[in-house]
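As C-alpha cells, the structure follows; a few thoughts come after it.
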Amino acid sequence: MKKISLTGIKPTGELHIGNYFGAIKPALELTNEYDARYFIADYHGLNTMKDPKELEFTTRHVAAGWLAAGLDPQKVIFYKQSSIPEVFELTVMLLAFTSKGLMNRAHAYKDAVQKNIDKCEDTDAQINMGLFTYPVLMAADIILFDSDVVPVGQDQKQHIEMAQDIAQSVNANYGQQVLKVPQPVIQENVAVVPGLDGRKMSKSYGNVIPLFAPEKTLHKTIKRITTNSQSVEEPKDPDSSQIYQLYKLFADENEQASLANRYREGGMGWGEAKEELFRVVNRRLTPIRERYDIIMSDIPLLEKTLQHGTQKAREIASITIGRFRKIAGVL
Ligand code: TRP
C-alpha cells in the first residue's frame, strides 16, 4: 500500500509562476509516489481574508488553478476544508490536548506579535484566535486523514512538529495509538523563482508574473522586468540576469545554451531577451491558461468536482473521528 500524503493549499491571492514552480509542480509530482490528498484551506484563509467576495473568488481561483496545472481529481482526493465538518470536530478535541505554551511558540504567531509591537498596536486586540490556534486546525487537517507524510516548505516545518506533539499527547493519554503521528517531508531543491525586480517572486513584493494572465498582460509584465543599463553591443552575463533565470525554467536545453551564447557574444539588447523569454513562457502557459479559463467558466462543475472529493474525504474522516470519540468517551 502506498503511503498517504497530504497537501494543504492556503487560498492567498492570485497564483503566479513562483507558486507554480515552488509549490504546485513539486506537489503534483508526488501523485505517483503517494496516495495523495490535496485540499483548499479556506478556513485558514478566513483568518486574514474578511471580504467574502475575495475569499470566495480566491478559493475557486486556487482550486481551478491546481486542476488546470494537472491535478487529476480521479486519481487523488481533492476537496475544500470547509466542507469537512469532521475537521472542526477534531480541532475542538485536539484543543483539549494542546497547551497554550505550545501555541505561544509558533513562529507565525510570534511574527504577528512582533509586527504589532513594531507598529505600537495592541497585540491582544489585533491577533485573532484563528491565528493563535492556527497550528491546531492544521494538525486536525493532517491527523484526520491518517496522513503519513506532509510535504511542506521549510517555513511550515514547525507546524508539522506541533501536529506530531499534539497527536503524541493524545496517544500518551490513552496509552494506545489513537492518532497517526505525521512526518514532515521538507521539499529541498525546489526552484526559487526570481521576480521582476530580481528578488524572490512574492505577492508581497509586487514583483510577480501571474500564472493565468491573458497573453497581452503577460507580455506587458515581462517587459517590466528590471535590467541594468548595459548597451545592446555589450556582452552580458546570463547567470546574473533574472531574464535568463526565468528562461531556464521554461526553455529546453538547446534554447538555454543558445540564449546564453547570445548573452555572452553581445549584440543582443534586453528588449530582445525579454521577447525571447515571453515566447517560451507563453508557449508553456497557454495550455494551462486555456484549461483554467474553461474551468472558471463552469463554476457548478468545479463545485461538483470538489463535492466528489468531499464525499471520499468524509468517508475517511468519519472513521478517524469515530475512533477518537469512542476512545475519549465522547459518545
Ligand atoms: N499552513 C499551510 C500554508 O500556509 C497551509 C495548510 C493548512 C497546510 N493546513 C495544512 C499544509 C495541512 C499542509 C497540511 O501553506
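Worth saying up front: this structure is predicted, and the values here are computed from it rather than measured. Each ligand, and each atom within it, is numbered from 1 in the order the structure gives. Residue numbers run from 1 in the order of the sequence given.
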Checklist entry - For the residue pair Y263 and Y244, is the inter-centroid distance of their aromatic rings smaller than 6.0 Å? => result yes
Checklist entry - Under 6.0 Å between the ring centres of F39 and F145? => result no
Checklist entry - Which pairs count as ring-ring contact (aromatic ring centres under 6.0 Å, His included) when at least one residue sits in residues 178-197, sequence neighbours excluded? => result none
Next on the checklist: List the residues meeting side chain to side chain contact (heavy atoms under 4.5 Å, CB included) with E121, not counting sequence neighbours, and say none if there are none.
Outcome noted: N116, K119, Q126
Next on the checklist: Going by side-chain hydrogen bond (donor to acceptor under 3.5 Å, both in side chains), name the pairs with one or both residues in residues 93-111, residues two or more places apart or in two chains.
Outcome noted: none
Checklist outcome for this item: Only one of Y20, F212, W66 passes ring pair (Phe, Tyr, Trp, His ring centres under 6.0 Å) with Y292, and that residue is F212
If you look at each N/O of ligand 1, which protein N/O atoms lie under 3.5 Å away, and at what distance?
from: ligand 1; atom 1: 1 (N); to: Y134; atom 2: OH; distance (Å): 2.7
from: ligand 1; atom 1: 1 (N); to: Q156; atom 2: OE1; distance (Å): 3.0
from: ligand 1; atom 1: 4 (O); to: Y134; atom 2: OH; distance (Å): 3.3
from: ligand 1; atom 1: 4 (O); to: Q156; atom 2: NE2; distance (Å): 3.3
from: ligand 1; atom 1: 9 (N); to: D141; atom 2: OD2; distance (Å): 2.8

